[in-house]
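Shown next, in structure tokens, is the structure this report addresses.
Atom set for the values below is all heavy atoms of this structure, side chains included, hydrogens, waters and symmetry mates excluded.
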Amino acid sequence: MKLRSQEWYGKNDKDGFCHRSWMKNQGYPHDVFTGRPVIGICNTFSELNPCNAHFRELAEWVKRGVWEAGGFPLEFPVMSLGESQLRPTAMLFRNLASMDVEESIRGNPIDGVVLLMGCDKTTPSLLMGASSCDLPTIGLSGGPMLKGIHHGQELGSGTSLLRMADELAAGRLPVCEFLDAEGAMNRSKGHCMTMGTASSMASMVEALGMSLPENAAIPAVDARRNTLAQMTGRRIVDMVREDLRMSKILTRAAFEKAIFNNAAIGGSSNAVIHLLALAKRVGVPLSLDDWDRLGSSLPCLVNLLPSGEHLMEDFYYAGGVPVVLRELAEAGVLNRNALTANGRTVWDNVAKAECWNRDVIRPFSHPFKAHAGIAVLRGNIAPNGCVIKPSAASEHLLRHRGRAVVFENVEQLHAQVVDENLEIDESCVMVLKNCGPRGYPGMAEVGNMPLPPKLLRRGIKDMVRISDARMSGTAYGTVLLHVSPEAAAGGPLALVQTGDTINLDVSARKVCLEVDDRVLEQRRAMWTPPPMPARGWTKLYVDHVLQAHEGADLDFLVGGSGSAVPRESH
Ligand code: FES
């Protein structure tokens, strides 16, 4: 088998000299260029992305494995998206980072790729970019942080912050206590250790078959994370020799497996958007309705925050994703024959997985929550759909009719929600506009709007909220998200006014604005679109971004271009 890298290194002419000679300035001996598979280690290390800040060390363990297996590892950086630091939202840059990944892989002498992923958007951006090249590729997640502990209480990243912020706003938590918890919540390297988006996406990598087993849950500081990195390095060299490309693993069965798994782990609603975008890159038909049809009737087995009470460390000690996949396979849900990155089927990998803590991972026959997968709702307010995560919602609000209280944008929300004179009570439906892909821009995680402090003080913990935004995977509540089309694109959400009545029925998959069509037409005639960015990345983004129900990729990035680059550089 002729290696792709030999198109660079296998020639004894000016070009071959050029490609090898400049690399030799790093001290590589000549024989690394004469037939070893070149393994690109796509590294999202950044000190501005604390969840991935340990990746230089992780990459060294991958390199050990690559060298051992006869490969030639070459690490390269790509744009790293730190969820806790980037403004206006890391999601604005997911597609940009995917372009960086795609072009970095295609343009270089690489035969196979290891993707180092961690913080929320680093996982989908790397999967999307790499899949548009379709080389042999394997994922390695950085692992979750250890659980937070503060004054004897366990703290989960994100989820506990939201709870404490509510307590602070209600006047029940002194500000000194609140600030003291800062250093206790996120106390080790790794990504958020709740079943938020990072952990959900790491689980998705494993469920898709794109990593070695146990990838999702081994804590970042556990020595077995380094062992997994070394084994991943060994494995990618063999994947090159077997020509096991992403497209052979990312089949329809793999995507279905990921949807089943996301329901069973109580995974993030953000996984919906990322999986839809990835499917479009590899040409697998997958729709928003597949999420509801395949996943919504499945139970949640995993008792982790934000749907439950434990954290990722507990999930690993209990057996992690292999146990969940075994439960799903034995219940007849999974296709047992789907291929995975180690060359074995999913059933080969999980058939002997044992659960060591049934409070953390419940059996399929006695689940933690019934009917827990993502539900997709439609109605005149969301003709192309919106989603809700019932496992993180309040049972009593899943059927609800209430008066809309509308916020035109996030600034208005923040200014008005703290106003003691705002006309709102717990029966109202909070509506937030202009936070979708084009409107924010970037579809920020603001859909779990803060509740008014005057209601928090009365002990109100949840209200129905609707928006075209996303919410953090660590968040919770009866929150309808991803309304499509979004308000800024002229969707009906733009026409809702305070005082309208909204009728929600999750079991009927309906959400309706009870306003006469003629009135809505009059409002549409008065509607003007919000101003859009005039230059730079944000202009390119808003001009080309698809709506949420299509994965919010850029229209010209859908599909792939393979790995061929016919022209030399000089
Ligand atoms: Fe990086 Fe949560 S902020 S995973």
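Of all heavy-atom pairs spanning Ala341 and Ile249, the tightest one is CA-CD1, 3.8 Å. Taking every heavy atom of both residues into account, Ala264 and Val324 meet most closely at CB-CG1, 3.6 Å. Ala216 and Val321 get closest at one heavy-atom pair: CB-CG2, 3.8 Å. Nearest approach of Lys248 to Asp243, heavy atoms of both residues: NZ-O, 2.7 Å. Nearest heavy atoms, Lys63 versus Pro73: CG-CB, 3.7 Å. Counting all heavy atoms, side chain and backbone alike, Ser472 lies closest to Asn448 at N-OD1, 4.3 Å.
Taking CE from Met91 and NZ from Lys121, the interatomic distance works out to 6.5 Å, rounded to the nearest 0.5 Å. Note that the CZ atom of Arg235 and the CD1 atom of Ile138 stand 7.0 Å from one another [nearest 0.5 Å]. Interatomic distance, Asp555 CG to Leu546 CG, rounded to the nearest 0.5 Å: 5.5 Å. Here CG of Leu334 is found 9.0 Å from CH2 of Trp347. Values are rounded to the nearest 0.5 Å. To the nearest 0.5 Å, atoms SG (Cys192) and CG (Leu161) are separated by 10.0 Å. Between the CD atom of Glu102 and the SG atom of Cys42 there is a distance of 12.0 Å, given to the nearest 0.5 Å.
Within the 4.5 Å cutoff, the side chain of Trp8 has no heavy atoms near those of the Asn108 side chain. Side-chain contact between Phe255 and Val282 is present, with at least one heavy-atom pair separated by less than 4.5 Å. Side-chain contact between Asn261 and Ser203 is present, with heavy atoms from C-beta onward closer than 4.5 Å. Counting heavy atoms from C-beta outward, Ile110 and Arg4 have side chains that approach closer than 4.5 Å. Between Asn342 and Met239, every side-chain heavy-atom pair lies at or beyond the 4.5 Å cut-off. Side-chain atoms of Lys11 and Glu568, non-hydrogen and from C-beta on, do get closer than 4.5 Å to each other. The shortest side-chain heavy-atom distance between Phe556 and Val558 does not fall under the 4.5 Å cut-off. No side-chain heavy atom of Pro213 sits under 4.5 Å from any side-chain heavy atom of Val350.
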Please report the C-alpha distance between Arg358 and Glu327 in whole Å, then the side-chain angles of each, then the deciding distance to 0.1 Å, and finally whether the salt bridge (charged side-chain N to carboxylate O under 4.0 Å, His left out) criterion is met.
CA-CA 12 Å; Arg358 278 297 181 196; Glu327 288 286 342; 2.8 Å; yes
In sequence, state the C-alpha distance, the side-chain angles, and the governing distance for Gln85 and Asn49, and then conclude on side-chain hydrogen bond (donor to acceptor under 3.5 Å, both in side chains).
CA-CA 7 Å; Gln85 313 295 313; Asn49 185 354; over 6 Å; no
Please evaluate residues Glu354 and Arg326 with respect to the criterion salt bridge (charged side-chain N to carboxylate O under 4.0 Å, His left out), reporting the C-alpha separation (whole Å), side-chain torsions for both, the decisive distance (0.1 Å), and the verdict.
CA-CA 9 Å; Glu354 277 196 62; Arg326 180 181 176 179; over 6 Å; no
Yes or no on side chain to side chain contact (heavy atoms under 4.5 Å, CB included) for Leu81 and Cys119, after CA distance, side-chain angles and deciding distance?
CA-CA 7 Å; Leu81 310 177; Cys119 197; over 6 Å; no
Does the pair Thr340 and Asn349 meet the rule for a side-chain hydrogen bond (donor to acceptor under 3.5 Å, both in side chains), with working shown?
CA-CA 9 Å; Thr340 74; Asn349 289 339; 2.9 Å; yes
Run the numbers on Ser391 and Ser307 for side-chain hydrogen bond (donor to acceptor under 3.5 Å, both in side chains), then give the verdict.
CA-CA 6 Å; Ser391 67; Ser307 300; 2.9 Å; yes
Yes or no on salt bridge (charged side-chain N to carboxylate O under 4.0 Å, His left out) for Arg293 and Asp290, after CA distance, side-chain angles and deciding distance?
CA-CA 5 Å; Arg293 195 171 55 76; Asp290 284 326; 2.8 Å; yes
For a ring-ring contact (aromatic ring centres under 6.0 Å, His included) check, start with the C-alpha distance between Tyr541 and Phe93, then their side-chain angles and the critical distance, and finish with the verdict.
CA-CA 9 Å; Tyr541 180 87; Phe93 307 107; 8.3 Å; no
Walk me through it: do Ile218 and Leu228 pass the test side chain to side chain contact (heavy atoms under 4.5 Å, CB included)?
CA-CA 9 Å; Ile218 304 173; Leu228 184 76; 4.3 Å; yes
Let me see the working for His274 and Arg94 under side-chain hydrogen bond (donor to acceptor under 3.5 Å, both in side chains), right down to the final yes or no.
CA-CA 10 Å; His274 301 322; Arg94 182 198 67 178; 3.0 Å; yes
Stepwise side chain to side chain contact (heavy atoms under 4.5 Å, CB included) test for Thr232 and Trp61
CA-CA 9 Å; Thr232 300; Trp61 289 90; over 6 Å; no
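A donor and an acceptor atom, one from each side chain of Glu206 and Asn215, are nowhere located under 3.5 Å apart. At a cut-off of 3.5 Å, with distance as the only test, no side-chain donor of His310 or Lys147 sits close to an acceptor on the other residue. In the model, Ser132 has a side-chain atom that pairs as donor or acceptor with a side-chain atom of Arg281 under 3.5 Å. Side-chain contact of His544 with Asp553: a donor-acceptor pair under 3.5 Å is absent, judged by distance alone. Using a 3.5 Å distance cut-off with no hydrogens or angles, the side chains of Glu256 and Asn335 do not pair a donor with an acceptor. Remark: the Asn337 side chain and the Thr345 side chain contain no N/O donor-acceptor pair separated by less than 3.5 Å. A side-chain donor-acceptor contact under 3.5 Å links Glu445 and Asn270. With no hydrogens or angles considered, no side-chain donor-acceptor pair links Ser125 and Ser98 at under 3.5 Å.
Results of the side chain to side chain contact (heavy atoms under 4.5 Å, CB included) test with Arg470 over Val272, Thr197, Thr89, Val387 single out Thr89 as the only residue that passes. Checked options Thr44, Val78, Leu127; the residue passing with Val101 is Val78 (criterion: side chain to side chain contact (heavy atoms under 4.5 Å, CB included)). When each of Lys189, Arg187, Glu313, His54 is tested with Val221 by the rule side chain to side chain contact (heavy atoms under 4.5 Å, CB included), just one qualifies, namely Lys189.
Looking at Ser160, its side chain never comes within 3.5 Å of a backbone N or O of Ser157 through a donor-acceptor pair. Side-chain atoms of Asn43 do not come within 3.5 Å of backbone N or O of Glu75 as any donor-acceptor pair. When atom types are taken as modelled, the side chain of Ser131 and the backbone of Met128 share a donor-acceptor pair closer than 3.5 angstrom. Judged by distance alone, the side chain of Arg252 and the main-chain N or O of Pro285 form a donor-acceptor pair under 3.5 Å. With hydrogens and angles disregarded, a donor-acceptor distance shorter than 3.5 Å links the side chain of Ser199 to the backbone of Thr194.
Relative to the ring axis of Phe45, Arg56 places its NZ or CZ within 45° and under 6.0 Å from the centre.
Under the 30°/60° scheme for interplanar angles, the aromatic rings of Phe72 and Tyr28 are found to stand perpendicular.
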